[in-house]
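The next block holds one structure in the form of structure tokens; read it before the comments.
All chains are named by letter (A, B, ...) in the order of the sequence lines, taking the proteins before the strands, and each is independently numbered beginning at 1. Only a predicted model underlies this, so the values are computations on that prediction, with no experimental measurement involved.
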Amino acid sequence: QKVSVEVLDQLEHLALVDFRDSEGVERLQKAIQFADQLQEVNTDGVEPMDSVLEDRWCLYLREDDVTEGNCTKELLDNAREKVEEYFVAPPGNIPLPTLEERETFLQGS
Amino acid sequence: LAPWIPVVGLEIHAQISSNSKLFSGSQVQFAAPPNSLVSFFDASLPGTLPVLNRRCVEAAVMTGLALNCSINKKSLFDRKHYFYADLPAGYQITQQRVPIAVNGRLSYGLCTGNKMSQMVTKTVRIKQIQLEQDSGKSLHDDTRSQTLVDLNRAGVGLMEVVMEPDMCCGEEAAAAVRELQLILQTLGSSQAVMAEGQLRVDANVSVHHPGEPYGVRTEVKNINSIRFLAKAVDYEIQRQIEELENGGTILNETRAFDSKLGCTVPMRDKEGKQDYRFMPEPNLPPLILYDAKSLPANTNHQQVINIDWIHERLPDLPSVKREKLVEQYGILPEHSFTLLNEDGLAEFFESVVKQTQMKPKKVIGWILNDLLSYLKQHSLAVKESPVSSSLLADLLNLLEKKEISSTAAKRVLAELWKGEGKTPLEIVKEQKLELLQDQKELEQICQAVIDGQENEVIMMVLG
């Protein structure tokens, strides 16, 4: 089953990936096919595995002490734009242009 | 016209009361200089990893136990993906597959009856409680067409409490949330102050005809107080009924409550249908909790959380406190609700009872009718009361010993309210409000009145 153009368009919106050309889409198809092999195994009654370490992978619990923070300058140095110690972002999410407006391989589909 | 059944469910986010954040060591504090309480992990800088805060887990377990939930001894963390400027990682760490607590219930009281004086107990099922991260704060600057982002809140621990759609109106939703708020404050797991964003409520509302399946639901956000919660829910129910009765349909959308206009409006949604692409959080193994039976031997106590140990140390919940007040003092259930509803009022009441001979059943009237209404009129909290519990007790003692009448007592209270430092006894003497006990003196006064009103007396005697 090929992945539909609608789904590919939705993926471009959700994950901000760019299926620039047919090779990109083909790579996706192959990746899905590869992962689908998992469905061939009967896992009825088998608990999903979280890690090969099983119960030796222990979750470390930290004490509730304040040990970090107070590095405003260092953090803001990374920002392209800032205003009085705030990061600056566009007014809202800039929606991805529609299929027709984007330069994507999918346009021709 | 066929009747409509409104259905209301709630999703409540309570900020966990802790020193540091859920997965990092930066401080949790309400007002602080922007981006000063942010660690590298909170800012999602590469190479950082989440480290779970023990206190946050304990808070969630306490809350789960208080809400009669089953605590999942193994719960899991997941990533919920979406893009927004105040979510630096592009995903929120939450518990979507297996949350920490499930299947609980919350009982709350509703005032009914003509004078709102009868209490009815209702229950709402708790679907689950999950641990998750809070996002940062966005300040929208429409004039400059930009958003200013403060990450101080990013990563603060939240408990999301999901209440099943067992409620039917704004009043029930408000009462349920109020009770949850009291429980959280009693436990100390959250300070739950809505005005400071420590308690946020989203309502899911739909309507249907009896016997038919549930209608399409809308989600209502931007509710900033318990009062507005009731209004928002009731407005949305009405809006949906009117829409459907006019032949329209309800969209499965998110709406915002506009408190100024008292209505809900659609939230602009340019994104289309969201798909959060949940995946297990690869950097965190399952959270394992123990009880007395399953506690492994020779363990580092700091690394182990014992559900039974926490259960044994739960404080008296509001419902238990109310029962004790009713039993100990013989007051009505609705009185106990009011006592617990005002911060410090129950303690004030008990303090007065200790210091006076007057029976608690009589004291409660002075607390709820006189003291509380004064406080409300002047927008004062109990702890700001100019009349202390000892002053009130002194006054009630004078009344109990029949040294003054109850009318006089009310006048003294009005004077005490001015907070000029006079004692009740001083005011009574000043205003000559003492009840006369001397029989002879009373006879003299009555005789003088009769003598002064001869004509009226003759009229009365004749007929």
Side-chain angles (χ1 to χ4, degrees), chain A residues 3 6-17 32 35 38 47-99 101, chain B residues 18-21 23-28 33-43 45 51-57 76 81-86 88 136 138-142 144-152 268 270-275 277 280 284-288 302-305:
Chain A
V3 184
E6 286 75 35
V7 172
L8 290 168
D9 181 33
Q10 203 193 6
L11 282 173
E12 289 203 340
H13 272 91
L14 288 175
L16 296 184
V17 294
I32 295 171
L38 290 171
E47 279 298 299
M49 174 187 275
D50 309 294
S51 148
V52 293
L53 297 173
E54 294 192 318
D55 52 8
R56 281 165 295 159
W57 188 27
C58 293
L59 181 53
Y60 177 77
L61 293 171
R62 183 176 55 83
E63 280 302 300
D64 186 26
D65 299 318
V66 176
T67 56
E68 301 175 279
N70 256 306
C71 48
T72 317
K73 183 176 181 313
E74 278 170 286
L75 291 173
L76 288 175
D77 280 346
N78 284 329
R80 192 185 68 175
E81 263 190 80
K82 47 192 169 231
V83 166
E84 283 178 34
E85 303 187 321
Y86 287 94
F87 294 101
V88 178
N93 281 359
I94 300 167
L96 206 61
T98 61
L99 204 51
E101 297 161 355
Chain B
S18 62
N19 300 325
S20 57
K21 296 184 181 178
F23 293 117
S24 66
S26 40
Q27 192 182 0
V28 176
N35 292 304
S36 61
L37 308 177
V38 185
S39 68
F40 290 174
F41 171 78
D42 303 331
L45 298 187
V51 185
L52 183 56
N53 179 339
R54 189 200 159 85
R55 157 68 189 164
C56 293
V57 181
L76 305 171
H81 300 80
Y82 63 93
F83 290 114
Y84 207 62
D86 60 24
S138 295
L139 299 167
H140 298 288
D141 181 1
D142 293 322
R144 286 180 199 76
S145 203
Q146 62 189 15
T147 298
L148 301 181
V149 177
D150 174 12
L151 297 179
N152 283 348
R268 286 171 299 133
K270 296 180 206 158
E271 303 289 337
K273 187 124 195 288
Q274 282 282 21
D275 180 336
R277 292 173 297 139
L284 292 170
L287 172 60
I288 309 291
Q302 201 269 332
Q303 285 303 312
V304 151
I305 291 184

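- Remark: the backbone N or O of A:Leu61 is paired with a side-chain donor or acceptor of B:Gln303 at under 3.5 angstrom.
- Heavy atoms closer than 4.5 Å to chain A are found in both the backbone and the side chain of B:Pro286.
- Ranked by heavy-atom pairs shorter than 4.5 Å toward chain B, the options A:Gly69, A:Ala89, A:Gly92 are led by A:Ala89.
- Side-chain atoms of B:Lys21 do not come within 3.5 Å of backbone N or O of B:Ser26 as any donor-acceptor pair.
- At a 4.5 Å heavy-atom cutoff, the contact between A:Ala15 and chain B is made by backbone and side-chain atoms alike.
- The choice from B:Asp150, B:Leu151, B:Leu284, B:Leu37 that makes the most heavy-atom pairs within less than 4.5 Å of chain A is B:Leu284.
- A:Glu74 touches chain B through its side chain: at least one heavy atom from C-beta onward sits under 4.5 Å away, while N, CA, C and O do not.
- Judged by distance alone, with hydrogens and angles left aside, the side-chain atoms of B:His140 form no donor-acceptor pair with the main-chain N or O of B:Thr147 at under 3.5 Å.
- Side chain of B:Arg54 to backbone of B:Gln302: a donor-acceptor contact under 3.5 angstrom is found.
- Contacts between B:Val28 and chain A at a heavy-atom distance below 4.5 Å are absent for every atom of the residue.
- Of the listed residues (B:Pro33, B:Ala85, B:Ser39), the greatest number of heavy-atom pairs within a distance under 4.5 Å of chain A belongs to B:Ser39.
- Here B:Tyr84 is the residue among B:Tyr84, B:Phe23, B:Tyr82 with the most heavy-atom pairs under 4.5 Å with chain A.
- Within the 3.5 Å criterion, the main-chain N or O of A:Val88 finds no donor-acceptor partner in the side chain of A:Arg80.
- The residue among B:Leu148, B:Asp141, B:Asp86, B:Asp142 with the most heavy atom pairs within less than 4.5 Å of chain A is B:Leu148.
- Listed options B:Ile288, B:Val149, B:Val304 were ranked by heavy-atom pairs under 4.5 angstrom with chain A; first place goes to B:Val149.
- The backbone N or O of A:Asn70 lies less than 3.5 Å from no partner atom in the side chain of B:Ser36, so there is not a single donor-acceptor pair.
- Under a 3.5 Å cut-off, the side chain of A:Asp64 and the backbone N or O of B:Asn53 do not form any donor-acceptor pair.
- Using a 4.5 Å cut-off between heavy atoms, B:Arg277 contacts chain A through its side chain alone, with no backbone atom that close.
- Checked by atom type, the side-chain pair B:Ser24/A:Arg62 shows no donor-acceptor distance below 3.5 Å.
- Of the atoms belonging to A:Asp65, it is backbone heavy atoms, and not side-chain ones, that fall under 4.5 Å from chain B.
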